[in-house]
Amino acid sequence: MALSDFEADPSSPVAVLYGIGGSFCAGYDINELESQCEKGSLDFLLRHEGSVGPTRRHSAKTLICGISGFCVSSGLELALMCDLRVMEETAILGFFNRRFGVPMSDGGTARLASMIGYSRALDLLISGRRITGNEALEIGLVNRLVATGTALGQAVNLAFSIAKFPQASITQDRNALYTNTYTRHGFRTAMQTEVMNTSREVLAELKEGVQRFKKSESKGSKTDSFQVKPKPIPDWEKSEIEHENKTKNQ
């Protein structure tokens, strides 16, 4: 419901997903799982949405998640649903469901290999081992590695940096990349997907962008053509950024 509301809200181009209580998500409710098993029911595997949310579909808009604490089992599959993942350096990832015989049901097998490659994906899926921050960043499982306690603030900053751009072209390119990644019809079809689905909204943004560029060029400046307004940063976020910079410089 929350994702559908976000997708229907024209004022919200990017959303940030995060966990409360110190961890992003530890997976499917084990008590609910036990109840389903006792009933002999596979409803939790067969229903339209996944066990931890709408993980079985592609979001219509950009999603970013801020990962802290544990992000494991179907919680990791939930993170894989997002476009970008911002992970704290002390967070832990892993398919811990492997040790309990619980299969993937939230898109893990559909998404993981496309993100990090078949061999690495198979390693993580069948070993169920822990993945720490440095490895996750190195293999492309996450996109940003940040200081502990700053994942939410940094994810919000990243969201604002994306939200400032014209969104129709982002949506088109994002959807084309998604289609070309998961359908794999070959290079020629991939090129068609990229160039043949240009909407009127994209053309309108393109025209406006060209006009902004020409206007800024006539003034001798090419770097400010987006005319992005600075975002006011609250004190708590400033302290997080300052803490992260100090940590990096140590």
Side-chain angles (χ1 to χ4, degrees), residues 1-20 24-25 53-55 57-68 71 78-88 91 111 115 137 140-147 149-181 194 197-216 221-245:
M1 179 64 74
L3 181 59
S4 298
D5 290 344
F6 156 65
E7 290 173 328
D9 183 358
S11 67
S12 300
V14 186
V16 173
L17 189 64
Y18 66 98
I20 59 176
F24 177 74
C25 182
T55 53
R57 67 180 182 87
H58 178 57
S59 171
K61 295 181 182 179
T62 302
L63 290 176
I64 300 172
C65 67
I67 300 173
S68 59
C71 174
L78 179 63
L80 295 179
M81 179 193 74
C82 298
D83 297 276
L84 300 174
R85 286 157 293 285
V86 178
M87 177 181 179
E88 293 182 1
R111 295 185 174 102
M115 293 182 180
L137 182 64
L141 190 57
V142 300
N143 306 92
R144 306 283 192 279
L145 191 62
V146 300
T150 67
L152 175 56
Q154 294 295 342
V156 170
N157 284 339
L158 181 57
F160 273 109
S161 73
I162 295 170
K164 71 183 180 183
F165 296 124
Q167 292 300 305
S169 58
I170 285 183
T171 299
Q172 175 177 305
D173 291 345
R174 179 175 172 270
N175 289 339
L177 182 62
Y178 175 84
T179 299
N180 289 329
T181 296
E194 181 172 297
N197 294 313
T198 302
S199 65
R200 291 182 179 180
E201 289 81 7
V202 171
L203 292 176
E205 286 183 351
L206 174 60
K207 181 178 179 181
E208 182 184 356
V210 170
Q211 292 173 345
R212 282 204 309 269
F213 179 82
K214 291 178 68 175
K215 185 177 180 180
S216 65
S221 171
K222 297 182 180 181
T223 58
D224 297 326
S225 57
F226 281 111
Q227 299 177 350
V228 178
K229 296 180 180 179
K231 177 180 76 75
I233 301 177
D235 292 339
W236 67 268
E237 196 170 317
K238 290 179 181 178
S239 63
E240 284 190 353
I241 296 173
E242 183 178 350
H243 172 71
E244 183 182 0
N245 290 334

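All values below were derived from every heavy atom in this structure, side-chain atoms included, with hydrogens, water molecules and symmetry-related copies excluded.
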Under a 4.5 Å cut-off applied to non-hydrogen side-chain atoms, are [X] and [Y] in contact?
X	Y	answer
Leu63	Met81	yes
Leu141	Leu80	yes
Thr171	Glu201	no
Asn143	Leu158	no
Glu88	Cys71	no
Leu78	Leu17	yes

* Hey, mind stepping through Asp83 and Ile162 against side-chain contact (heavy atoms from CB on, under 4.5 Å) and telling me if it holds? -> CA-CA 12 Å; Asp83 297 276; Ile162 295 170; over 6 Å; no

Minimum heavy-atom distance between [X] and [Y], given as atom pair plus value:
X	Y	result
Leu3	Pro54	CD2-CG, 3.4 Å
Gly66	Phe24	O-CD1, 3.5 Å
His58	Asn175	NE2-OD1, 3.6 Å

* So among Thr62, Val86, Leu152, which one has a side-chain contact (heavy atoms from CB on, under 4.5 Å) with Val16? -> Leu152

* Asked: Can you tell me how far OG1 of Thr179 sits from CZ of Arg174, rounded to the nearest 0.5 angstrom?
  -> 10.5 Å

[X] side chain to [Y] main-chain N or O, any donor-acceptor pair under 3.5 Å?
X	Y	result
Asp9	Asp5	no
Lys61	Phe6	yes
Gln167	Phe165	yes
Arg85	Ile67	no

* So with a 6.0 Å cut-off around OH of Tyr18, is the heavy-atom count from everything else above 12? -> no

